[in-house]
Amino acid sequence: MWFKAALRMELDIECKSCLFNSQMKKVEREQTDKTKLQEFKSGVKALCENPPSNYCAPLLMRDIDLYHRKIFGCGIDYSREKSLFNRTLLAMEEQLYKKIIASSDPVGEALKFAMASNYIDFARLANLDGDSVSFVLEAAERASAAEPTLEKFKSKLKVSKTLCYLHDNCGEIVLDKILIRVIKKLYPQISVTSVVRGKPIINDVTIYDAKEVCLNSYARVVSNNTDVPGTYLKEVSPEVLKLLSESDVIISKGLGNLETLYGEGYGIFYAFNCKCRHISAKFGYPLWASAFVSE
């Protein structure tokens, strides 16, 4: 119970500083009105310094985006970055899939790429560009899922009929898609439902982005109906709550889903990159390591 409260409810000082710096870099590059910029900076600083006591990082990120809408009339626009990473990884999809499915352990190999691809996160890293894809692929080659967790995952897949996949960011969704393709190839009895964000927020996946990468060819894609960059149970749709309660296997990608779901008792498999020191410390992984853990 302590771990649930410490991870899900505590908004770490590192989170506040990270969100402030990354979003300011993005907005300063794209907005030229100095008066509005200063107003935005002051407002975001106040949001980061005085969040509600029960906040987690995804809720603070939504507040920052809403404040941007108030000042500039629109949300923080990541459409160019999202399309860039989707298109770049889509061009590599078939080559990567063939390599993975021909390996001695396709599920473990596909997981490596899905885990490492969580590096593509503009809430944490403001200066990502197309060259970051090479870093992700190199990191995937070094990554490995912890053997006990991987074997537990495979054992569940053998006897499961339904899988709920909670997606996170664009770009990485192509690597998620490859993992789904591998699972459906090896375990054809499994029906997959992919859950994406209800509205654009940072570089998180929406229905539009899922269509761009043809995810619907391998999974039923549904919206969680929220603009929180996570799976915030107080606001997600009844359909998503039903999926969480009834799916045989649940895969959660990224820190936003982790921070809003860990400790809620759903027995989820979490795949993410340890981009934050407090997450690394809590799970016992080095900073920037890829992780696959079960609850």
Original post:
What are the two closest non-hydrogen atoms of Pro58 and Val228, and how far apart are they?
Top reply: CB-CG1, 3.8 Å

Subject >> Electrostatic pair Asp168:Arg197 at N-O distance under 4.0 angstrom >> reply: yes

Original post:
Hey, any chance Tyr208 and Val195 share a hydrophobic cluster, counting ILVMFWY side chains that come within less than 4.5 Å of each other, even indirectly?
Top reply: no

Original post:
Got Val159 and Ser155 here, is their nearest side-chain heavy-atom distance under 4.5 Å?
Top reply: no

Subject >> Interatomic distance, Asn273 atom CG to Cys276 atom SG [nearest 0.5 angstrom] >> reply: 9.0 Å

Subject >> Polar side-chain atom of His68 near backbone of Cys74 as donor-acceptor pair, under 3.5 Å >> reply: yes

Original post:
Does any N or O in the side chain of Asn169 come within less than 3.5 Å of the main-chain N or O of Glu172, such that one atom is a donor and the other an acceptor?
Top reply: no

Subject >> From Asn118 atom CG to Ser290 atom OG, the distance as rounded to the nearest 0.5 Å >> reply: 8.0 Å

Original post:
Taking all non-hydrogen atoms of both residues, which atom of Lys152 and which atom of Ser294 are closest, and how far apart?
Top reply: NZ-OG, 3.3 Å

Original post:
Looking at Glu94 and Arg181, does any basic side-chain N land under 4.0 Å from a carboxylate oxygen?
Top reply: yes

Original post:
Angle class for the Tyr262/Tyr270 ring planes (parallel below 30°, perpendicular above 60°, tilted otherwise)?
Top reply: tilted

Original post:
With a 4.0 Å cut-off, would you call Asp227 and Arg69 a salt bridge?
Top reply: no

Original post:
Going by atom types only, do Asp176 and Tyr165 share a side-chain donor-acceptor pair under 3.5 Å?
Top reply: yes

Subject >> Closest heavy-atom pair and its distance - Ile268, Ser252 >> reply: CG2-CB, 3.5 Å

Subject >> Note: Glu109-Lys99 ion pair, threshold 4.0 Å (strictly below) >> reply: no

Original post:
Is there a donor-acceptor contact under 3.5 Å from the side chain of Lys199 to the main chain of Thr226?
Top reply: no

**OP:** Answer yes if the side chains of Glu212 and Ser83 hold a donor-acceptor pair under 3.5 Å, and no otherwise.
**Re:** yes

**OP:** Kindly check if the number of other-residue, nucleotide or ligand heavy atoms within 6.0 Å of NZ (Lys41) is above 12?
**Re:** no

**OP:** Answer yes or no: is there a side-chain heavy-atom contact under 4.5 Å between Ser194 and Val222?
**Re:** no

**OP:** Please report the shortest heavy-atom distance between His167 and Leu215, naming the atom on each side.
**Re:** NE2-CD2, 3.6 Å

Original post:
Under 6.0 Å from the CD atom of Gln95, do we count more than 12 heavy atoms belonging to anything else shown?
Top reply: no

Subject >> Sidechain N-carboxylate O distance under 4.0 Å for Glu39, Lys34 >> reply: no

Original post:
So which of Leu84, Ile201, Ile202 actually passes side-chain contact (heavy atoms from CB on, under 4.5 Å) with Tyr78?
Top reply: Ile202

**OP:** Answer yes or no on whether Lys45 is positioned over the face of Phe20, meaning its NZ or CZ is under 6.0 Å from the six-membered ring centre and within 45° of the axis.
**Re:** no

Original post:
When you look at Leu157 and Leu163, which way does the side chain to side chain contact (heavy atoms under 4.5 Å, CB included) test go after all the steps?
Top reply: CA-CA 9 Å; Leu157 291 176; Leu163 186 153; 3.9 Å; yes

Subject >> Min side-chain heavy-atom separation Asp63-Tyr67 under 4.5 Å >> reply: no

**OP:** Give, for atom CG of Asp204 and atom CD1 of Ile173, the distance between the pair rounded to the nearest 0.5 Å.
**Re:** 10.5 Å

Subject >> Check against side chain to side chain contact (heavy atoms under 4.5 Å, CB included), Tyr266 and Thr231 >> reply: CA-CA 12 Å; Tyr266 286 110; Thr231 304; over 6 Å; no

Original post:
Would Phe272 and Phe292 count as a close aromatic pair, with their ring centres under 6.0 Å?
Top reply: no

Subject >> Note, Ile279 side chain near Leu255 side chain (heavy atom, < 4.5 Å) >> reply: yes

Subject >> Min side-chain heavy-atom separation Lys82-Thr206 under 4.5 Å >> reply: yes

Subject >> Residue list, salt bridge (charged side-chain N to carboxylate O under 4.0 Å, His left out) with Glu235, at least two apart or on another chain >> reply: Arg62

**OP:** Of all the heavy-atom pairs spanning Gly230 and Asn257, show the shortest one and how long it is.
**Re:** C-OD1, 3.4 Å

**OP:** Would you please test Arg80 and Glu30 for salt bridge (Lys or Arg N to Asp or Glu O under 4.0 Å) and show each step?
**Re:** CA-CA 12 Å; Arg80 292 192 304 275; Glu30 299 188 352; 2.7 Å; yes

**OP:** Report yes if some heavy atom in the side chain of Leu186 is under 4.5 Å from a heavy atom in the side chain of Pro106; otherwise report no.
**Re:** yes

Original post:
Any chain of hydrophobic side-chain contacts (each under 4.5 Å) joining Leu241 to Leu261?
Top reply: yes

Subject >> salt bridge (Lys or Arg N to Asp or Glu O under 4.0 Å) between Lys154 and Asp105, worked out >> reply: CA-CA 11 Å; Lys154 291 178 183 175; Asp105 180 13; 2.9 Å; yes

Original post:
Would a 4.5 Å heavy-atom cut-off, applied to side chains only, mark Phe283 and Val293 as touching?
Top reply: yes

Original post:
Looking at NZ of Lys185 and OH of Tyr218, how far apart are the two atoms once the value is rounded to the nearest 0.5 Å?
Top reply: 10.5 Å

Subject >> Donor-acceptor contact present, side-chain Ser237 to main-chain Val240, <3.5 Å >> reply: yes

Original post:
With no hydrogens and no angle check, is any side-chain donor or acceptor of Ser160 less than 3.5 Å from a backbone partner on Thr162?
Top reply: no

Original post:
Is the NZ atom of Lys184 crowded by more than 12 outside heavy atoms at less than 6.0 Å?
Top reply: yes

Original post:
Counting distance only, does the side-chain N/O of Ser117 pair as donor-acceptor with the main-chain N or O of Ala114 below 3.5 Å?
Top reply: yes

Original post:
Hey, is Glu81 close enough to Lys26 for a salt bridge, meaning N to O under 4.0 Å?
Top reply: yes

Original post:
Could Glu239 and Arg220 be called an ion pair, given the rule that one side-chain N must be under 4.0 Å from one carboxylate O?
Top reply: yes

Original post:
If we ignore angles and hydrogens, is there a donor and acceptor under 3.5 Å between the side chains of Asn225 and Ser223?
Top reply: yes

Original post:
How many angstroms lie between atom CD1 of Ile100 and atom CG of Leu111, to the nearest 0.5 angstrom?
Top reply: 9.5 Å

Subject >> Pairwise distance CG(Asp209) to CG(Asn86) - rounded to 0.5 angstrom >> reply: 6.0 Å

**OP:** Indicate the atoms forming the closest heavy-atom contact of Gly171 with Leu89, along with that distance.
**Re:** O-CD1, 3.1 Å

Subject >> 4.5 Å side-chain heavy-atom contact, Leu233 and Thr260 >> reply: no

